[in-house]
Amino acid sequence: QVQLVESGGGLVQPGGSLRLSCAASGSIFSINAMGWHRQAPGKQRELVATITSIGRTNYPDSVKGRFTISRDNAKNTVYLQMNSLKPEDTAVYYCYADLRRLGGSRGDYWGQGTQVTVSS
């Protein structure tokens, strides 16, 4: 009964910007952390950004200074603002949430992914 719905992907030119959104819904008791991973063709899935329930963030060097993760706790929504996009950012971006359900079970949940393509 937990869903993560992503939006905001698309085609953008190098140097452009996109803003991804991910809304968690369902029988959620609490969310410990949310974030984003990405997977490019032929590559392993990699961390893009995370944010904890207290607002602590983490980024790899590849996106630091260009990407910003934020959250709206009232909406159970996490955002990823991506600026100065490069062709190597092209990937499917997956939202995840580390959460506890109303029944008390804790686990990781994933969205279906949204395609980001950076190309001229």
> Given side chains that start at C-beta, do those of L20 and M82 come closer than 4.5 Å, heavy atoms only?
Replying inline: yes
> With side chains defined as the heavy atoms from C-beta onward, is the minimum distance between N58 and T52 less than 4.5 Å?
Replying inline: no
>> If I compare all heavy atoms of K86 with all of V118, which pair ends up nearest, and what's the gap?
In response: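 Looking at all heavy atoms of both residues, the closest pair is O-CB, 3.3 Å.
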>> Can you give me the closest heavy-atom contact between W36 and I69, atom names plus distance?
In response: CD1-CD1, 3.9 Å
Establish whether [X] and [Y] are linked, either directly or via other cluster members, by ILVMFWY side-chain heavy-atom contacts under 4.5 Å.
X: L80; Y: Y96; value: no
X: Y79; Y: V116; value: no
X: Y59; Y: I51; value: yes
X: L85; Y: Y94; value: no

When rounded to the nearest 0.5 angstrom, what is the spacing between [atom1] in [X] and [atom2] in [Y]?
X: S53; Y: I31; atom1: OG; atom2: CD1; answer: 9.5 Å
X: L11; Y: T90; atom1: CG; atom2: OG1; answer: 8.5 Å
X: F67; Y: T57; atom1: CZ; atom2: OG1; answer: 14.0 Å
X: Q1; Y: I28; atom1: CD; atom2: CD1; answer: 9.5 Å

> Going through the checks in order, is the side chain to side chain donor-acceptor pair (under 3.5 Å) test met by R71 and N73?
Replying inline: CA-CA 6 Å; R71 58 182 169 85; N73 290 339; 2.9 Å; yes
>> Show every disulfide (SG to SG under 2.5 Å) that has at least one partner inside residues 18-120, sequence neighbours left out.
In response: C22-C95
>> Can you pull out every disulfide (SG to SG under 2.5 Å) where at least one residue sits in residues 59-93? Sequence neighbours excluded, please.
In response: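 Qualifying pairs, neighbours excluded: none.
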Only pairs at least two apart or in different chains count here, so list each side-chain hydrogen bond (donor to acceptor under 3.5 Å, both in side chains) that has a residue in [range].
range: residues 14-28; result: S17-N83
range: residues 110-120; result: Q115-T117
range: residues 38-49; result: R38-E46, R38-D89, R38-Y93

Backbone N/O of [Y] and side chain of [X]: donor-acceptor pair under 3.5 Å:
X: S84; Y: G15; result: no
X: E6; Y: G113; result: yes
X: T77; Y: K75; result: yes

Return all side-chain donor-acceptor pairs below 3.5 angstrom for residues 98-107, not counting sequence neighbours, or 'none' if the list is empty.
| from | atom 1 | to | atom 2 | distance (Å) |
| --- | --- | --- | --- | --- |
| D98 | OD1 | R106 | NE | 3.0 |
| D98 | OD2 | R106 | NH2 | 2.7 |
| R100 | NH1 | G104 | O | 2.7 |
| R101 | NE | Y109 | OH | 3.4 |

